[in-house]
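Below you'll find the structure, written out as C-alpha cells, and then a few comments.
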Amino acid sequence: MSRSAHPAGPRYADVLPEGHYSPPPADLNALDPRVWARTVGRDERGALTVGGLDVATLAEEFGTPAYFLDEDDFRARCRAWKEAFGDDADVFYAGKAFLSRAVVRWLHEEGLNLDVCSGGELATALSAGMPAARIALHGNNKSTEEITRAVEAGVGRIVVDSFQEIVRVAHIAERLGKRQPVQIRVTVGVEAHTHEFIATAHEDQKFGIPLAGGQAAEAVRRALKLDGLELLGVHSHIGSQIFDTSGFEVAAHRVVGLLRQVRDEHGVELPEIDLGGGLGIAYTSDDDPREPREIATALREIVHRECAAAGLAVPRISVEPGRAIVGPTAFTLYEVGTVKELPGLRTYVSVDGGMSDNIRTALYDAQYSVALASRTSTAAPMLSRVVGKHCESGDIVVKDAFLPADTAPGDLLAVPATGAYCRSMASNYNHALRPPVVAVRDGQARVIVRRETEEDLFRLDVG
Ligand SMILES: *Cc1c(COP(=O)(O)O)cnc(C)c1O
C-alpha cells in the first residue's frame, strides 16, 4: 500500500492480517515506564497521576481532551541530550514536534538550540527570547520574507535546500550588508525508519540536494563563491522514528565523502556537519529506543572513524531530536462518551477528541497505547479501538488496544507519547476546538497553550 513508503516506516503500515493481534498485557493497569512520562504513576485509589496531580483533578480544572506535559521529564530529556553530546557538539530541538513560548524558555534555560521551519516558528522562538544565534532555519521553500526576517534577526544558520535558495539567501544577505552562515542540506540516499534502512544512490523526495550526480558538490562550489554566504557545512536528515544507528553510518560515510571532495577541490575543510533528527521513542511496549548517551557515542564514533579514513579534522557535529525530547513527555487525556460492542469484531470506545488532536494514526497508521486513567479495573481485557468524534471513519486514535471490559462512559482514558506531532499537527476539523497543553510540575499545573474557544473560530470567520 502507498503508506508503506512513509518515513514512519512499515512497522506503522497496515501489515498485520486482520484478526492477528498481540496477546493482552498481563496487567492492564500497569504503566510501562518506557511509554509514559517520567513522573506518571497511579495514586492509592488507582487514578493516574503526573507531577503529583491526579487526572480527575486535572480533568475537572482543565477539561478534556487535553494534553498534559511533564515539565521535569522535558527538562531531563534536554539535559540528557546535551550531556550526551558534550561540548564538542550541538543539540538543536526540532520545534516542529511541538513549540510554544514556554517550551522555548525551557530550551533556552537548558542550553539547547532550536530548529524552526517557518515564519511562525521563528516568531515564536524570537518572542520567547531564544538568542537568534542559537536558531536554525529550515524548510524546502522558505519565502523571501522568512529568509529576510531570519537574516535580519541574525539566526545562527540557515539550512539551504535548493540551488535557487543558495542564490536567494546570498542575495538577501548582501542586500542587508551581512554574511549569513549556512549549511547545505544534502540527500545522501538513505531512507531510515525504525529497524531498517534503505541505502540507494539517489533519493526521490522534495528535501535537500542530492549527493548523486555531483549536485551537492556543485551546490558547495556555488555557495563558496558567494560573498553573502558563510558556508559552515553539510546537513543530512534521513528519516524518523529510527531505532538503529546503521542508517546514520551510511549517511555519515557519504557526507564525509563530500567534505573530502570539497577539501580536495577547493582546499577548504568545512567545519560542521549536522546528522539531523529522527530518533525513535516508545509508543507501545514493543518499541525499545536507545538512550541519548548510546546514540551520541555511536554517532561520534562513526564520524571520527570516517574522518580519520578521509584524513579530515573532525567537524563540529550537530543533531536535531524533536520527537525523542518531547514525544514521551505528554499524554492526551480523553473522556469516554460511548462504548459500542460489535460482537465477534471489537469494541469501539469513542472519546471526546480524535483526529483533530492526533492525526498520526489516520495519517501514518501510527501505533499508540492507551490506559484507563481515572481508576484501575480487574475486569477482563476487551479488544478495543479508541475512536474520536469526527465525521470520518478513519478517525482512529488507537487502532488496537486492550481496555478493561468494564470501561464505560465517563471514564477517563490516557494516551501516552503524544508530546510530538499531535498538538503541532492539530486541526479544527468539524470546527473542533484545539485542546490545551498543560505543563505539570511539582504538584502545580499551568496552561502553556490554552484551549481554543468558539470566539477564536469566529475571529477568523469574518462573515
Ligand atoms: C523533522 C525533522 C527533525 C526532527 O525529527 P524527529 O523525528 O522529531 O526527531 C530534525 N531535522 C529535520 C531537518 C527535520 O525535518
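As the structure lists them, so they are numbered: ligands from 1, and atoms in each ligand from 1. As the structure is a computational prediction, the values presented were derived from the model and not from experiment.
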What are the atoms of ligand 1, with element, lying closer than 4.0 Å to any heavy atom of Arg185?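 With Arg185 as reference, the close atoms of ligand 1 come out as 13 (C).
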
Distance filter under 4.0 Å to His138 heavy atoms, resulting ligand 1 atoms: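 Contacts of ligand 1 toward His138, numbered from 1: 13 (C).
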
Which class fits the ring pair Phe331 and Phe68: parallel under 30°, tilted 30 to 60°, perpendicular over 60°? tilted

Plane angle bin for Phe85 and Trp81 - parallel if under 30°, tilted between 30 and 60°, otherwise perpendicular: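 Judged by the thresholds at 30° and 60°, the geometry between Trp81 and Phe85 is parallel.
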
Which part of Tyr421 is near ligand 1, with near meaning a heavy atom under 4.0 Å away: side chain, backbone, both or neither? side chain

Note: heavy atom closest to atom 3 (C) of ligand 1, options Arg323, Gln241, His237, belongs to His237

If hydrogens are left out, which of Lys96, His235, Glu320 has an atom nearest to atom 15 (O) of ligand 1, that is, the closest non-hydrogen atom? Lys96

Tell me, with the steps shown, if Arg316 and Glu272 meet salt bridge (Lys or Arg N to Asp or Glu O under 4.0 Å). CA-CA 5 Å; Arg316 191 170 178 86; Glu272 292 182 0; 5.8 Å; no

Work out whether the distance between some heavy atom of Gly278 and some atom of ligand 1 is less than 4.0 Å.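 The answer is yes, since Gly278 has a heavy atom less than 4.0 Å from ligand 1.
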
Any heavy atom of Phe92 closer to ligand 1 than 4.0 angstrom?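 Per 4.0 Å heavy-atom rule, Phe92 does not contact ligand 1.
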
Can you tell me if Arg254 uses its side chain to pair, donor with acceptor, with the backbone of Val188 under 3.5 Å? yes

Indicate yes or no: does an N/O atom of Gly322 lie under 3.5 Å from an N/O atom of ligand 1? yes

When you look at NZ of Lys178, are more than 12 heavy atoms from neighbouring residues, nucleotides or ligands closer to it than 6.0 Å? yes

Looking at Arg101, I'd like to know if its CZ atom is crowded, meaning that more than 12 non-hydrogen atoms belonging to other residues, nucleotides or ligands lie closer than 6.0 Å. no

